[in-house]
Structure formats: C-alpha cells, structure tokens
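Just below is one structure, and these are the notes that go with it.
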Amino acid sequence: MTAFVRQLAAPQPGWTIETDVIVVGSGIAGLTTVLDLREKVDRVLLVTKGVLSSGSTVWAQGGIAAAMDPEDTPDEHLEDTLVAGAGLCSEEAVRVLVTEGPHSVRKLVRRGTQFDLGPDGDLTLTREGGHHRDRIAHAGGDATGAEISRALIEQLDAIRNDPGIEVIEHAMVVDLLTGAPDAEGRPGPVCGATLHIIGEGQRDGVGAALAKAVIIATGGIGQVFRSSTNPASATGDGLAVGLRAGAAVADVEYVQFHPTVLWQGANARGQLPLISEAVRGEGAYLLNGAGERFMVGRHEMAELAPRDVVSRNIVEVMREEESDSVFLDCRHLDAAFLEQRFPSIWASLAEHGIDMAHDLIPVAPAQHFHSGGIMADLHGRSTQRGLYAIGEAACTGVHGANRLASNSLLEGTVFGRRAARDASSLIADGVLRQLEPEERRGDSALVPATMRTRVQAIAHEGAGPMRDGDGLDDAVARLARIRQRFHTDPVSTVVPQTAEWETTNIVATASVLCEAALLREESRGGHQRSDYPQTDPEWAVRLAARLDPDGRLEFMRAPLEIGG
C-alpha cells in the first residue's frame, strides 16, 4: 500500500511568531473558542483561510437545536440524536451536547445573536427531520448561520485592539509543527503550525507560529466531492494536517448527503444551493416523477425522517425512474409565509428562475456534512498532545453514523467552549508548555491543482451516496497511484501554493475515506453499501485510523465512548 506523506512540500518559514493557543477556522466553533480563550490566556491567534465570515457557519440555513421549550427535555433531544446516529453515537458525548446546549444558545443570545422571536418574546422554535419536538431556534427565517456569524464577529471586532488577540485572514495552515518523535518514530506533541499568508501585510508567504496548543476548527470536507453544499474553503485541511502530525481520525466513512439540494444538471460543480430541511419541517412534500409522495409508507416520519433515510430513498426513486432528481413541492403552502419564513431560499430559487410557491423544485442529494474527523474526547483533545479538534473537523462520536438536523451549530459552540476551558487550564497548570519543533520524519508531497477534478470524480464515484466494494476498491487503488505519482522529488516543477496544498489535502482525505468505507462491510447512517445493505451489529464500533511510523495507514476498532 502506498504510504502517506508526513508534510506538504513548502518553502522554509521566513518569519516566526509565538502565542499561547492557535485556533484554525472562523466558523461558530472557532469564533466561540477564541472569545472564550480571551478570558483565560494571554495570547490567542485566530487563523482563517478567507475572511472571518467565510466559514461554513454563514451558510447554515435551518437553525440550532436545543431543548429550549418548557415541554421539551434534554433526554428527548438525546433520544432523537441517538436514533439518527444509528447505533454509533457516544452517548456520553451526546449527553454533554444536549445538557449544555440550552446554556450555550443563551450565551449566543448574550453575545448578540438575534434569533427569531414570537409575539410573547420567546424563541420561535420549529421542527426538522428526526426531531420529535419543535426545538430548532432560527434567525432571519433561514439565515441562522449568517446571524450567529455576524454576532460573534462583531464581538471579536470589538476587541480587535486587544494586544492578546491576533487575527490573520487569508492564511492557510500548511502543516502542524511537532516536537521530538517518540521511540517508534511517530511525531511528537503538536507545538505550532506553519502558515502561508496570501496577499500583502506585515507578514507574507510562509511563516511559523509557535504555540502551546493548536485547536482545529476548519469545518468539513465538501470539496473532496464533485458537488457539495460546502464553501470552496472546505478542502479537508484539518483532517489532513492532523493525520500527518500523528493524530488518529475516526468515522471518516460517514458522509451526510443532504437530501434536498437544488438540481442544476449533471455538469454542476462546486457549492450548490441548499434547500433547508426546515422547508419540509414547515410542510413541503417530496414527489417522484409521477407526482406522488414517495416517503409516505417508507418511514413513519415521511419527509421528516432522518437525512440518511430520506437521501437513500431519493436515490432509490431516481434509480427506479432513471431520473436525475425528484421534486420538492411547496405549492400547497402560503406564498407570503414562504417568502417571509425562507427569504434567502426564496431569493436563491428566484435567481434560478424558480417560483418557490408555484413551481416544483428539482432536488437531489449532495455532500453536506462529515460526521468523522480528528478523534477527540469530550474536551476536544485529540490523541496527539497539544492538538484539539472541534466542530465538523472533529469526531467526538456526538453524531454517530448520521448527524441529526441542526445539531452541528450546537456542537460547534458546546465543544468550542469546552476546548477553550480545557486548553487554558492545562496551560495554566504547566501541562501544556511551549516545545521546540523538530524535523518530522517522512516524505513530502505536492499534488498539482489540475488533478482536483479527477480526484473529486474518483471520490464521488467510489464513496457517493450509494457505495459498493468494487467501486471503493477501484477508488482506493486510483488514489494510491495519484499519491505515489506526486511524491515530491528534487526535480519537481510544481510550485507550492494554496491550490496545490488544498488539492494534496483533498487526495489524503479522499484516500482515508475510501479505505474506511471499503473496510466497513455494512450499511449504517451516512455509509450505504449496495453489496452489504444490512446493518451488522458486529460493526457497532468506531473505525479509527492513523499513520504508522512508515506513513502507512493503519486501522483499528475503537470503543464508541472516547471519554475525557
């Protein structure tokens, strides 16, 4: 098996800075963590690949789930989450999520988030797939993520002059810095990161940021696939840099394909418009080509079944009818209500010539969320000392095999606050201290950006909504050949730059995903195999992976409860 590389080919750092904690990513997880850290440590560095508002959070339409209604309880939220997770959740992690969730939502309100309120001044709560209660708080109708992002960035802007906080926009983490290797040659504790800053400023090009802890909050892996609801920045960077630095990753095979993404033709690429699950929560139907509601009778919750169930049934209908999409029907709903409740979706569809109140909306599943990531405990600690992972970049087991709708924003704020508390405590106690980075053993690589579309096609064909052993085996082999071909050598003519680093991360992430999916011989949640259509109780385990000292991927079965 072709080995993975231990670092990306890049220029030597031309400058160095020091801080206590580096937070990578500016979605809800990263911003929450930075704001909480400001109260506890002397120096924090926030790094984001675009501008502060360019993370995945701003695209979240539906809302944030929490048991805020007096008739709702955390235990009911827990049960719905466990059911959606298809037997692979860490119950301990889910309990943390649902019990600390209401307080975290109230903290967002205190930080300026303006959720939609009813006439009585209470939060307006709605329902989405998999929930048995109205527990989704939303803002601006269907602009919840944008409002949360606005409020948190405004809080951060208010303290920009604080000498203890530095924000670097347009910067990519190329690799993590690690200390002295262990006796087996594995990388030592994480002690910083190499950064590439794009554009003009006090610092330019590649530099080194030294830190006592690094917190990865880079979001998902959407650009590994041919089409996704994720922004262009979601290239699997967090998972890839963590893997190269020695951290274990887990549940990588579990990819959530959102059931209702606007169908724009077979050649559509990049970020596609999402039609929020909240639309079905307000009563929209799914229809097949004959105009029939096909989810009725297939699941007790019909259109509001968990996302993996709805996506799987849409794929089955499309195969039966040899069609490219099904249809979302809102025509029986009031036009004024739809425009007020879903202003962003209404406007987006209008731009594509679709009247939400009078036209059928062609939809099909597309990659939306990654339940796997860097394995982390209940405090966000990875298996590598000094490295934390939170939000979509992490795997705490809170989502299991399939994320429950609107739990992602909640996860980001709950576990972001926990990671901030834990890292600052360990720094104060001297457990985490500044270490000297050492040269990491192993090869480097650089895959040219021109290979990206080919890699995305391989991932989509092999590890899309419906998989099988032959397709996955072929994908694994093809990706291994690409990794082998582009190991950096002295005569390489590929210039190190952002597009090449991102593409190399996409190759690494796609490789782990396809290998994990090939090993898991069952169907469960976001992992569906036509050759193993049943859920196998023997596979009620977490599949974890890390690189051995020679850079080869090794898998292990890990317990569902990561602890912490």
Atom pair [atom1] ([X]) and [atom2] ([Y]), whose distance is rounded to the nearest 0.5 Å:
X	Y	atom1	atom2	result
Leu45	Leu37	CG	CG	11.5 Å
Glu147	Leu108	CD	CG	10.0 Å
Leu543	Leu519	CG	CG	6.0 Å
Asp355	Leu349	CG	CG	9.0 Å

Task: side chain to side chain donor-acceptor pair (under 3.5 Å) involving Thr73 - partner list, sequence neighbours excluded - done: Glu76
Counting N and O atoms only, with roles assigned by atom type, does the side chain of [X] sit under 3.5 Å from a partner on the main chain of [Y], one being a donor and the other an acceptor?
X	Y	answer
Asp329	Leu286	no
Ser348	Ser344	no
Glu522	Asp536	yes
Ser90	Val398	no
His352	Ile354	no
Lys40	Ser424	no
Glu253	His527	no
His368	Val261	no

[Y] and [X], any side-chain heavy atoms less than 4.5 Å apart:
X	Y	answer
Thr33	Val21	no
Val326	Val363	yes
Tyr388	Val23	no
His131	His77	yes
Ile148	Thr413	no

TODO: May I ask you to check whether Phe369 and His399 place their ring centres under 6.0 Å from each other?
DONE: yes
- [ ] Return the minimal non-hydrogen interatomic distance between Met375 and Ala250, and the atom names on each side.
- [x] CE-CB, 3.5 Å
- [ ] Determine the minimum heavy-atom distance between Ser149 and Leu31, stating which atoms define it.
- [x] O-CD1, 4.4 Å
Task: Within 6.0 Å of NE2 in His358, more than 12 heavy atoms from elsewhere - done: no
Task: Derivation and outcome, salt bridge (Lys or Arg N to Asp or Glu O under 4.0 Å), residues Arg133 and Asp69 - done: CA-CA 9 Å; Arg133 291 278 192 181; Asp69 190 293; 6.0 Å; no
- [ ] List the steps and the verdict of salt bridge (Lys or Arg N to Asp or Glu O under 4.0 Å) for Asp359 and Arg331.
- [x] CA-CA 7 Å; Asp359 298 329; Arg331 297 173 300 176; over 6 Å; no
TODO: Report the residues that fulfil salt bridge (charged side-chain N to carboxylate O under 4.0 Å, His left out) with Glu316, sequence neighbours left out, ordered by chain and then residue number.
DONE: Arg298
Open item on the list: Before you tell me yes or no, could you show the steps for Asp36 and Arg421 under salt bridge (Lys or Arg N to Asp or Glu O under 4.0 Å), namely the whole-Å CA-CA distance, both residues' side-chain angles and the distance that decides it to 0.1 Å?
Closed with: CA-CA 8 Å; Asp36 276 29; Arg421 188 164 58 243; 5.8 Å; no
